[in-house]
Amino acid sequence: MTFPNQQILDRVTEGDEVAFTQLRSYFHVAAFKFCAVLLKDEAEAENVINSVFNKIWNERLALRAEGNFQSYLFSSLKDQIFGEMRKYSDPVARKQYLDRIQSFRAY
């Protein structure tokens, strides 16, 4: 059986904070590596992870647990990262944001 199993996801949708903590803990390292590689900024990676997991918790009733949660999570992380970049539509602000996250060498 792979994690997260249907029971864990069902418990999350029912508002079980322990199950949600288990889910978050299980995926945290992989999510952090994914975000840190794209952003080149560990603090920003944590911010994105926190934002996505907060959204998952707040919208848990609509969570479609039948699908692949890992794919859903990583698509959400990617969308959050690119959404943040789109906020900076002003070319100067966007360049400053990209320079800031690219100047930090996480690895």
Side-chain angles (χ1 to χ4, degrees):
M1 185 178 309
T2 61
F3 191 91
N5 62 33
Q6 188 64 43
Q7 182 183 17
I8 294 289
L9 293 172
D10 288 344
R11 288 175 42 208
V12 169
T13 60
E14 294 167 2
D16 185 331
E17 292 180 29
V18 172
F20 181 72
T21 299
Q22 290 173 335
L23 187 70
R24 184 183 173 109
S25 294
Y26 181 81
F27 284 106
H28 186 267
V29 171
F32 180 79
K33 288 179 181 178
F34 177 78
C35 292
V37 165
L38 289 175
L39 293 167
K40 308 289 190 275
D41 183 328
E42 291 179 352
E44 192 68 21
E46 285 293 344
N47 289 338
V48 167
I49 292 166
N50 288 335
S51 178
V52 167
F53 272 102
N54 285 338
K55 183 178 178 182
I56 289 169
W57 178 254
N58 291 333
E59 297 176 4
R60 66 188 174 277
L61 294 175
L63 182 64
R64 293 287 173 217
E66 300 86 28
N68 184 333
F69 180 80
Q70 182 173 336
S71 293
Y72 171 76
L73 173 63
F74 284 90
S75 291
S76 297
L77 292 168
K78 177 186 62 78
D79 292 346
Q80 180 73 25
I81 289 167
F82 292 126
E84 290 295 317
M85 289 180 183
R86 276 192 295 275
K87 284 183 186 178
Y88 297 94
S89 59
D90 172 48
V92 174
R94 184 179 178 93
K95 181 173 178 359
Q96 289 173 343
Y97 175 75
L98 291 173
D99 287 346
R100 182 176 62 83
I101 63 174
Q102 291 175 351
S103 68
F104 180 79
R105 293 183 183 214
Y107 301 103

Exercise for review: Measure from the side-chain N and O atoms of Thr13 to the backbone N and O of Asp10, and report whether any donor-acceptor pair falls under 3.5 Å.
Suggested key: yes

Review point. Looking at Gln70 and Asn68, what are the two nearest heavy atoms and their distance?
Key: N-OD1, 3.0 Å

Point to revise | Full working for side-chain contact (heavy atoms from CB on, under 4.5 Å) between Ile56 and Phe69 | key: CA-CA 11 Å; Ile56 289 169; Phe69 180 80; 4.0 Å; yes

Review point. For the residue pair Phe20 and Phe53, does the interplanar ring angle fall in the parallel (under 30°), tilted (30 to 60°) or perpendicular (over 60°) class?
Key: perpendicular

Exercise for review: May I ask whether Leu39 and Phe82 are part of the same hydrophobic cluster, defined by side-chain heavy atoms of I, L, V, M, F, W, Y residues being less than 4.5 angstrom apart, directly or through others?
Suggested key: yes

Practice item. Return the set of residues passing ring-ring contact (aromatic ring centres under 6.0 Å, His included) with Tyr26 (not counting sequence neighbours), or none when no residue passes. Key: Phe3

Revision key, fill the gap. Distance col, row His28:NE2 vs Leu23:CG, nearest 0.5 angstrom, shows 12.5 Å

Study note, to complete from the structure: Quick note, salt bridge (Lys or Arg N to Asp or Glu O under 4.0 Å) partners involving residues 11-30, not counting sequence neighbours, are Arg11-Asp16

Check your understanding: Between Ile49 and Phe27, is any pair of side-chain heavy atoms under 4.5 Å apart?
Key -> no

Check your understanding: Going by heavy atoms in the side chains, are Val52 and Asp79 under 4.5 Å from each other?
Key -> no

Check your understanding: In Å, rounded to the nearest 0.5 Å, how long is the span from CG of Asp41 to CG of Asn47?
Key -> 8.0 Å

Check your understanding: In Å, rounded to the nearest 0.5 Å, how long is the span from CD of Gln80 to CG of Asn50?
Key -> 10.5 Å

Practice item. Grab the two heavy atoms, one from Ala45 and one from Cys35, that are nearest each other, plus how far apart they are. Key: CB-CB, 3.6 Å

Practice item. Indicate the ring-plane relationship of Phe34 and Phe74, choosing parallel, tilted or perpendicular according to the 30° and 60° boundaries. Key: perpendicular

